[in-house]
Trainee: 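The structure under discussion is supplied below as structure tokens; questions concerning it will follow.
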Amino acid sequence: MDNAGIAGIIREVGEYIQVDEGLSFRAKAYDRAAETIESLAEPLTETYARGGLVALLEIKGIGRGLGDALEEIITSGVSSLHEELKRALPIDLPALNSVQGLGPQKIRALYKELKVRNLEDLEKAAVGGKIRVLTGFGEKSEEKILRGVEFLKRGAGRMLLGDALPWGRSLEKELLKLKGVRKATLAGSARRRRETVGDLDMLVVADEAKPIMDYFIAMPDVEEILANGETKSAVRLKNGLQVDLRVVPAESYGAALNYFTGSRDHNIALRQIAQDKGLKLNEYGLFRGDVAIAGFTEEGIYAALELEFVPPELRENSGEVELARESGLPQLVGYSDLCGDLQVQTSWTDGVHSIDKMADAAMALGLEYIVVTDHTKRLAMMGGLDEKKIRLQMKEIDAVNARLVAAGKKFRVLKGSECDILKDGSLDLPDDVLAELDVVGVSIHSYFDLPRDKQTARVIKAITNPHADIFFHPTARKINARPACDFDMVAVLDAAAQAGTVMEVDAFPDRLDLSAEHIRMCVSRGVKIAIDSDAHDKAHFSVLEYGIAQARRGWARKEDVINAWPVEKMLSMLKGAQSYGK
DNA sequence: GCCGTTTTCGGCCCGACTGTTTTCAGTCG
């Protein structure tokens with residue numbers, strides 16, 4: 001089981017305990033442990049294989065009780081405590097919890113009083129007017145529950161960052177136009193560049209909050225007003241996205257931005273540090289007694305806590321706070337560090353634009369090279385290239401480069417392929433053709449659900465092929481649409497390190513493959529990564545931003561990212577070294 | 001349940017908003 005699966009069980013145990021006995025510190029301990037597990041760089045199964053229970057106990061927040069529970073889950077796949085709790089309280093807790101306004105206490109009351117076990121029961125009880133008569137509930141909460149169920153039935157979940165971030169940016173612009181608004185900043189998980197976001201958090205600096213609130217709740221895209229207070233409001237837009245707005249005075253901007261950016265666990269860690277220093281940190285500032293000693297800027301808050309400034313992408317309380325204390329944070333790859341793009345499709349297969357047009361678009365963005373990587377013949381539906389066609393394409397690339405040189409451009413188009421990995425791990429083009437290419441990417445487009453051992457063997461065979469340079473979108477997942485291929489990532493990365501194969505971070509918003517956790521595994525093993533757009537259209541180069549964000553979330557530095565290097569260095573790394581050891 | 005340069009007991013982040021209450025519990029972030 002992977003860390004997300006283990007964390008899921010642990011979190012549910014915490015939730016059942018909350019319903020059972022109220023918000024206890026025991027329940028909190030499980031919840032925090034789940035958060036910790038999700039942000040670990042190493043798979044827990046690896047940790048356990050390496051050092052057993054002792055290694056588990058070294059993780060902060062894991063003590064005797066949780067250690068035993070984790071050991072049981074790792075070795076047997078289930079937690080007897082989890083099973084026991086589910087038997088004692090036979091309700092669909094994850095579903096009920098996802099209804100806005102329903103928490104553990106209300107879920108318990110609904111079960112005890114009305115035997116509500118799932119969303120269907122809940123809806124029936126609400127429609128039947130049975131909820132409003134319960135103590136602690138009323139007409140309004142019944143209506144709210146009904147709206148919450150309706151919303152869930154529409155199937156809206158977390159939105160892709162690639163869809164949400166443009167909304168956030170246009171909201172920033174809208175709010176900035178308002179009179180009296182001095183700053184409008186997108187915070188929350190979108191600022192941390194999580195791959196999906198549950199809502200948008202907008203922070204506004206203005207002397208008077210009321211006019212901003214009035215505008216905000218009356219925007220044409222607003223479908224429902226969820227909250228409307230003096231300094232804080234929340235709405236749901238017609239596209240399903242929830243937007244929270246907070247208005248603060250200028251002297252609190254930094255503190256509020258920090259608080260509103262999160263993550264929750266990062267904030268808790270900071271507040272703990274403040275407390276240890278006899279200070280208090282909240283969204284209005286950092287205080288000694290009643291005196292604010294920081295708050296105007298985020299930088300000021302971190303400095304006053306004697307911490308290095310932590311880039312938003314790292315704020316997950318997964319080791320960054322400790323490193324910030326020692327001024328040991330990594331120098332992350334920057335948003336303008338990429339020199340080239342190593343995965344680009346053209347009209348030779350399923351891309352929209354010609355090699356020329358793609359080159360022009362990349363040049364306009366300041367890149368120095370692209371690698372043309374059209375699909376290969378097994379993908380017949382997309383017009384995948386066979387030996388003959390790809391040799392023709394190489395000739396066209398030579399012609400394009402000649403034109404670029406004649407025009408006095410330094411830009412280069414390199415020859416490549418997105419070569420299909422066949423079921424047995426062999427590649428879709430013969431060796432002699434692959435040998436003529438500058439960059440060979442290999443990727444999975446079929447047999448996504450082979451059993452783990454077969455998939456692992458298939459992948460290792462493909463990426464250790466002497467011609468394979470980069471493993472494109474390694475897990476082949478599509479966020480909210482297709483699960484990741486199941487293979488042993490540790491074994492694959494070890495093989496990649498040995499063979500000198502690079503792992504890709506595909507920047508397309510619904511792929512973002514590898515994940516941040518997997519990127520961190522690469523970085524810690526010295527496996528290099530490439531951040532590619534996977535562009536199928538000249539407009540798609542803009543998605544590189546999301547790939548860079550993902551790499552930063554995976555703690556990648558410039559030296560870890562081969563297309564942040566000059567082209568010659570990148571090519572000599574791919575073609576020269578057999579392994580990273582040299 | 002976890003944790004420890006004021007430690008092995010007694011703490012555990014902090015505040016806004018809502019709805020149902022007569023001062024606050026529950027939820028959310």
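Computed from a predicted model, the values in this text were never measured in an experiment. Quick note on labels: first sequence line is chain A, next is B, and so on, each numbered from 1.
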Trainee: Return the value, rounded to whole Å, for the distance between atom CD1 of A:I17 and atom C1' of B:dC2.
Mentor: 13 Å
Trainee: May I ask you to check if A:K86 and A:Y16 form a cation-pi contact, with NZ or CZ under 6.0 angstrom from the six-membered ring centre and within 45° of the axis?
Mentor: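 No cation-pi geometry.
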Trainee: Of the nucleotides B:dG29, B:dC14, B:dA16, which has the atom closest to the A:Y259 side chain?
Mentor: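 From the listed options, B:dG29 comes nearest.
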Trainee: Whole-Å distance between B:dC2 C1' and A:F25 CZ?
Mentor: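 It is 11 Å, rounded to the nearest whole Å.
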Trainee: Do the side chain of A:S24 and the main chain of A:A27 share a donor and acceptor less than 3.5 angstrom apart?
Mentor: yes
Trainee: Please give, in whole Å, the distance from B:dC17 P to A:M213 CE?
Mentor: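 Result: 7 Å.
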Trainee: Counting side-chain heavy atoms from C-beta on, which of B:dG15, B:dG19, B:dA16 comes nearest to A:N282?
Mentor: B:dG15
Trainee: For A:Y546, is the NZ or CZ atom of A:R553 found under 6.0 angstrom from the centre of its six-membered ring and inside 45 degrees of the ring axis?
Mentor: no
Trainee: When we call it a touch if two heavy atoms are under 4.0 Å apart, what does A:S24 touch: a base, just sugar-phosphate, or nothing?
Mentor: nothing
Trainee: With rounding to whole Å, what would you report as the distance between B:dT20 and B:dA25 at their C1' atoms?
Mentor: 9 Å
Trainee: Check whether A:Y30 forms a cation-pi arrangement with A:R11 (NZ or CZ under 6.0 Å from the six-membered ring centre, at most 45° off the ring normal).
Mentor: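 No, A:R11 does not sit over the ring of A:Y30.
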Trainee: Counting only Watson-Crick or G-U wobble pairs whose two distances fall under 3.5 Å, which nucleotide matches B:dT27?
Mentor: B:dA16
Trainee: Would you kindly compare A:Q275 and A:L66 by the position of their nearest DNA chain B nucleotide and give the one closer to the 5′ end?
Mentor: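 Counting from the 5' end, the first nearest nucleotide belongs to A:L66.
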Trainee: Taking atom types as they are modelled, would you say the side chain of A:Y284 forms a donor-acceptor pair with the base of B:dG15 within the 3.5 Å cutoff?
Mentor: no
Trainee: How many Å lie between CG on A:L81 and C1' on B:dG1, as a whole number?
Mentor: 11 Å
Trainee: Quick one: label A:L270 by what it contacts on the DNA or RNA (base, sugar-phosphate, nothing), any heavy atom closer than 4.0 Å.
Mentor: nothing
Trainee: Taking 4.0 Å as the cut-off, does a side-chain nitrogen or oxygen of A:R26 come that near to OP1 or OP2 on B:dG1?
Mentor: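 For A:R26, the contact criterion (side-chain N or O under 4.0 Å from OP1 or OP2 of B:dG1) is met.
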Trainee: Using atom CZ of A:R264 as one end and atom P of B:dC13 as the other, report the distance to the nearest whole Å.
Mentor: 10 Å
Trainee: Would one find a side-chain N or O of A:S189 under 4.0 angstrom from OP1 or OP2 of B:dG29?
Mentor: no
Trainee: Regarding A:K144, tell me which of base, sugar-phosphate or nothing describes its non-hydrogen contacts under 4.0 Å with the strands shown.
Mentor: nothing
Trainee: Measure from the side-chain heavy atoms of A:T231 and tell me the nearest of B:dC14, B:dC17, B:dT27.
Mentor: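 Within the option list, the nearest is B:dC17.
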Trainee: Could you tell me how far apart A:Q272 (CD) and B:dC3 (P) are, to the nearest whole angstrom?
Mentor: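 Atom-to-atom, A:Q272 to B:dC3, this comes out as 12 Å.
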Trainee: With C1' as the reference atom in both, quote the distance from B:dC3 to B:dT8 in angstrom, rounded to an integer.
Mentor: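 It comes out at 10 Å once rounded to the nearest Å.
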Trainee: What is the distance, to the nearest angstrom, from the NZ atom on A:K106 to the P atom on B:dT21?
Mentor: 11 Å
Trainee: For nucleotides B:dG10 and B:dA16, find the distance between their P atoms and express it as a whole number of Å.
Mentor: 32 Å
Trainee: Side-chain N or O of A:S141 less than 4.0 angstrom from OP1 or OP2 on B:dT20?
Mentor: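 Answer is yes, contact under 4.0 Å.
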Trainee: Considering only the C1' atoms, how many Å lie between B:dT5 and B:dG1, rounded to the nearest integer?
Mentor: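 Going atom to atom, C1' in each nucleotide, I get 24 Å.
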Trainee: Given the C1' atoms of B:dC14 and B:dC9, what is the spacing between them in whole Å?
Mentor: 24 Å
Trainee: The side chain of A:K280 is closest to which nucleotide in this list: B:dG19, B:dC14, B:dC2?
Mentor: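 When the side chain of A:K280 is considered, B:dC14 is the closest of B:dG19, B:dC14, B:dC2.
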Trainee: Across the strands shown, which category fits A:N228 at heavy-atom distances under 4.0 angstrom: base, sugar-phosphate, nothing?
Mentor: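 The residue A:N228 makes sugar-phosphate contact but no base contact.
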Trainee: Does some side-chain heavy atom of A:M213 sit less than 4.5 Å from a side-chain heavy atom of A:V247?
Mentor: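 The answer is yes; the side chains approach within 4.5 Å.
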Trainee: Which comes earlier along DNA chain B counting from the 5' end, the contact point of A:D199 or that of A:R32, where each point is its nearest nucleotide?
Mentor: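 That would be A:R32.
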Trainee: Of the options B:dC13, B:dC28, B:dA16, whose atoms approach the side-chain atoms of A:K28 most closely?
Mentor: B:dC13
Trainee: When you compare B:dC13 with B:dC2, how far apart are their P atoms, in angstrom units rounded to a whole number?
Mentor: 16 Å
Trainee: Assign the ring pair A:H266 / A:Y302 to parallel, tilted or perpendicular, where the plane angle (0 to 90°) is split at 30° and 60°.
Mentor: tilted
Trainee: Mind calculating the distance between CG (A:N317) and P (B:dC13) to the nearest angstrom?
Mentor: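 Distance, rounded to whole Å: 12 Å.
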Trainee: Of all the nucleotides listed (B:dG19, B:dT27, B:dG29), which has the minimum atom distance to the side chain of A:Q105?
Mentor: B:dT27
Trainee: Looking at residues at least two apart in the chain, or sitting in another chain, which of them share a salt bridge (charged side-chain N to carboxylate O under 4.0 Å, His left out) with A:K130?
Mentor: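 Checked A:K130 against salt bridge (charged side-chain N to carboxylate O under 4.0 Å, His left out); zero matches.
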Trainee: Which value, in whole Å, describes the distance between the C1' atoms of nucleotides B:dT23 and B:dT18?
Mentor: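 Going atom to atom, C1' in each nucleotide, I get 15 Å.
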Trainee: Determine the Euclidean distance between corresponding C1' atoms of B:dT22 and B:dC28; express it in Å to zero decimal places.
Mentor: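 Pairwise C1' distance, B:dC28 against B:dT22, rounds to 24 Å.
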